[in-house]
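What follows is a set of notes on a single structure, which appears directly below.
Residue numbers start from 1 in every chain, and the chains themselves are labelled A, B, ... in the order their sequence lines are given, proteins ahead of strands.
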Amino acid sequence: MVRLVLPNPGLEARIPTLGELESLEKQESGSRPQWDNKAQYMLTCVGFCVGLGNVWRFPYLCQSHGGGAFMIPFLILLVLEGIPLLHLEFAIGQRLRKGSVGVWSSIHPALKGVGIASMFVSFMVGLYYNTIIAWVMWYFFNSFQDPLPWSQCPLNANQTGYVEECARSSSVDYYWYRETLNISTSIDDSGSVQWWILLSLTCAWSVLYVCTIRGIETTGKAVYITSTLPYVVLTIFLIRGLTLKGASSGIVFLFTPNVTELANPVTWLDAGAQVFYSFSLAFGGLISFSSYNSVHNNCEMDSVIVSVINGFTSVYAATVVYSIIGFRATERFDDCFSANILTLINGFDLPEGNVTQENFAEMQRWCNASNPAAYAELKFQTCDMNTFLSEGVEGTGLAFIVFTEAITKMPVAPLWSVLFFIMLFCLGLSSMFGNMEGVVVPLQDLKVIPKNWPKELLTGLICLGMYLIAFVFTLNSGQYWLSLLDSYAGSIPLLIIAFFEMFSVVYVYGIDRFNRDIEFMIGHKPNIFWQVTWRVVSPLLMLTIFLFFFVIKVNEELIYSVWNPAYEEFPKSQKLKYPNWVYGVVVIVAGVPCLVIPGFAIYRLIRNRFQRAGDRQGLVGAPSTVSVNGDLKY
Amino acid sequence: MLWLLFFLVTAIHAELCQPDAENAFKVRLSLRTALGDKAYAWDTNEEYLFKAMVAFSMRRVPNREATEISHVLLCNVTQRVSFWFVVTDPSRNHTLPAVEVQSAIRMNRNRINNAFFLNDQTLEFLRIPSTLAPPTDPSVPIWIIIFGVVFCIVIVATMLLILSGIRQRRRSASLEFLQISGTRESLTSLGASCLTSCLHGAPTSNL
């Protein structure tokens, strides 16, 4: 096999040798944070990986790309893409014992840009992710009342009927778009700050600050709850969901395999993207978490366990979500049918109970035959189960519209609502821990912060800064901004960063050296599976997904959906084109992290050129002399 | 003669109460939907009760206190159950204006519903809109209370963590100071003993 390694002089000087690692671990135990026990580490990693996407993105993808058949590309790409990348991040963090910026600059100073890009992406994603948590908190605060506020439309001014916007759409739509977001009709129309969302946002950032105030010392305790509670709630919902009428139709709809979808490349692309984003790779948080481990921790086993748990959670959450969706669709279908039956018996004054779902069609024919003129005047709705099952089932639409409606139809609705939103809150918060780690630690590594500043102050300032920027999302147009960032900040840059990570470790750090490191750490050399995937398969997959994604994103028209009551087809959302200045925002948000990588390399190159004139050969490491305070390495 | 009069009266009544007649209202009941198995059969006694309720509502209107049950006419009762009704004036020749009947029914809707164990949706008066009950608005919205509780807990926790962090740092700083000053002392004592042993020429025990 061609041993392709790029020349990397000075690598030995930048990283601790294998022999030093164990003593380094002992020395650092006072100054560097450490995990109290293995469970904390595993729960934190699982919490970071398992997030809102497992609940509201995977089920939709699964159902729209051939149901049970989607498992095949998902599992294949999980094994070929997710697990190798995860193992790589865990191993390199554990070996070099630094955060993302520290790791990449140790491997080669010119690669510092990769760490900085990770930091930018974590920053951007953290901004809007916590706003979603603020929305979840708003719904949570409002769940402690019976009847739930989104179960009925408010009355209009003279109390003769419901507010028009609500009557034309639905009470849950109205509550989400009007009473929560108070959404404007376009991204241009910013409006003002919505104070109730601002309060929820303040609460969300404060909770995050409390949990991350001392880094893993505090998050390690918080994850005992935030990582385990979602599974408890999912199980409760599974039991509740399966006992509801119509749950089975939802699950059947989800898992019915459609093998022809496997031939569609978009299916594979979506599966790959889902695996990638679901594992929270390239954020820098996982490298950081892994660096607090002891040297001989078995990172190989960890990566396999975390991947399996993540995959299992996706499927489990999909089952729960679709059982509830099946229930809602059945209720809607029954309501629709009852309305039709009522129309028929009212129009023809037939006794109640004569017309049922079974004999509806023949009764229709009979009525049509007996009095065609009167029959022609009757308006029937179309009741299609499949339409109801496919309505609005991904993203915020799933959580805040479809699921909340389903909850209002359950007995003891406030209880289910509280449980559901606590689950979403925990899922989001545990992912935010990883994001914060990916922002705080690189800032410390970059040495832009004075050393004597306590960690509490640094975390506080970062939280405060992000909170102030997140005011944008509390405006009337906030949800449009959030969707914009969601589509562009968290997609393409991550793919590029991940590709560079793999490339750096395998070809700049050297796969041989990496193999020796892992052999030292866990006791055996990584087997042929890891070798093949790290060297060839995973980078190729990354590149393919990135290219496809890039081509699709660049070619698609920049349009977005708005909620416009004045639209003819209201309550369907109107599709508008983004204004021109949005292109600039997209370029900044997606382009800056990507360009930082080559940008920093070039900056480094220029700096080295200028230094070549001077004395470039550094001091050769001499055997250390006995000193009073012992060997302290920063 | 009497038969002729009877036919005349019923004929007049029939004219007054007809589907889509002037001032006539259609009523629709959904007994099965509302009561399920406990649904009662709609017979003439129920109709009598209905007429009584309508007469009762009309009697509460000023100037109409003389309305009797016989002034309320029902017709076209179907299996659905639905029928039309009108309210006539004491002379039995004219029907009362729809507006009056409408306002009377609206004001007493609750009593009428309760008499039949039904609600606004299952006892429908077509063309008489029902007043919707306003949702109960507590003086302080509940969400603010929950928000206040959560936020206060978070603030208290933050304060505690920050204060304990400051205390910990102060303690470790003073410990370090003690360590350094202790080392210095032991060094000076070491140096002093070395000096004395060198001067006296005896080996020191602690080297």
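For chain B, the nearby part of A:Y209 is the side chain; its heavy atoms alone come within less than 4.5 Å. Only the backbone of B:L29 has a heavy atom closer than 4.5 Å to any heavy atom of chain A. Of the atoms belonging to A:L350, it is backbone heavy atoms, and not side-chain ones, that fall under 4.5 Å from chain B. In this structure, chain A has heavy atoms under 4.5 Å from both the backbone and the side chain of B:L31. Contact of A:N346 with chain B is made through backbone and side chain together, with heavy-atom distances under 4.5 Å. For a residue to count as touching a neighbouring chain, one of its non-hydrogen atoms must lie under 4.5 Å from one of that chain's; by this rule B:S172 does not touch chain A. Both the backbone and the side chain of B:V154 come within contact range of chain A, each with at least one heavy atom under 4.5 Å from a heavy atom of that chain.
Put simply, the side chain of A:P454 reaches to within 4.5 Å of the side chain of B:R169, judged on heavy atoms. Considering only heavy atoms from C-beta on, B:W143 comes within 4.5 Å of A:W196 through its side chain. Counting heavy atoms from C-beta on, the side chains of B:L161 and A:R214 come closer than 4.5 Å. Taking the side chain as every heavy atom from C-beta outward, B:F151 and A:S206 approach each other to under 4.5 Å. Contact annotation: the side chain of B:V150 approaches that of A:F141 to within less than 4.5 Å [non-hydrogen atoms, C-beta and beyond].
Taking a 6.0 Å sphere around CD of B:E176, one finds it holds 12 or fewer heavy atoms contributed by other residues, nucleotides or ligands. Around CG of B:N63, the count of heavy atoms belonging to other residues, nucleotides or ligands within 6.0 Å does not exceed 12. A 6.0 Å sphere centred on CD of B:E22 holds no more than 12 heavy atoms belonging to other residues, nucleotides or ligands. Applying the 6.0 Å contact sphere to CD1 of A:I225 captures no more than 12 heavy atoms from other residues, nucleotides or ligands. Counting heavy atoms of neighbouring residues, nucleotides and ligands inside a 6.0 Å radius, atom OH of B:Y40 exceeds 12 of them. Atom OH of A:Y224 sits in a crowded spot, with more than 12 heavy atoms from other residues, nucleotides or ligands closer than 6.0 Å.
Heavy-atom proximity under 4.5 angstrom to chain A picks out nothing from residues 51-61 of chain B.
A salt bridge does not link B:R28 to A:E352: none of the charged nitrogens lies less than 4.0 Å from a carboxylate oxygen.
Interface check for chain B: of the options A:T218, A:D349, A:N142, A:L457, the most heavy-atom pairs under 4.5 Å are formed by A:D349.
The structure places CD1 of B:I145 at 10.0 Å from CD of A:Q145, a figure rounded to the nearest 0.5 Å. Here the straight-line distance linking atom CD1 of B:I142 with atom CZ of A:F144 works out to 10.0 Å at 0.5 Å rounding.
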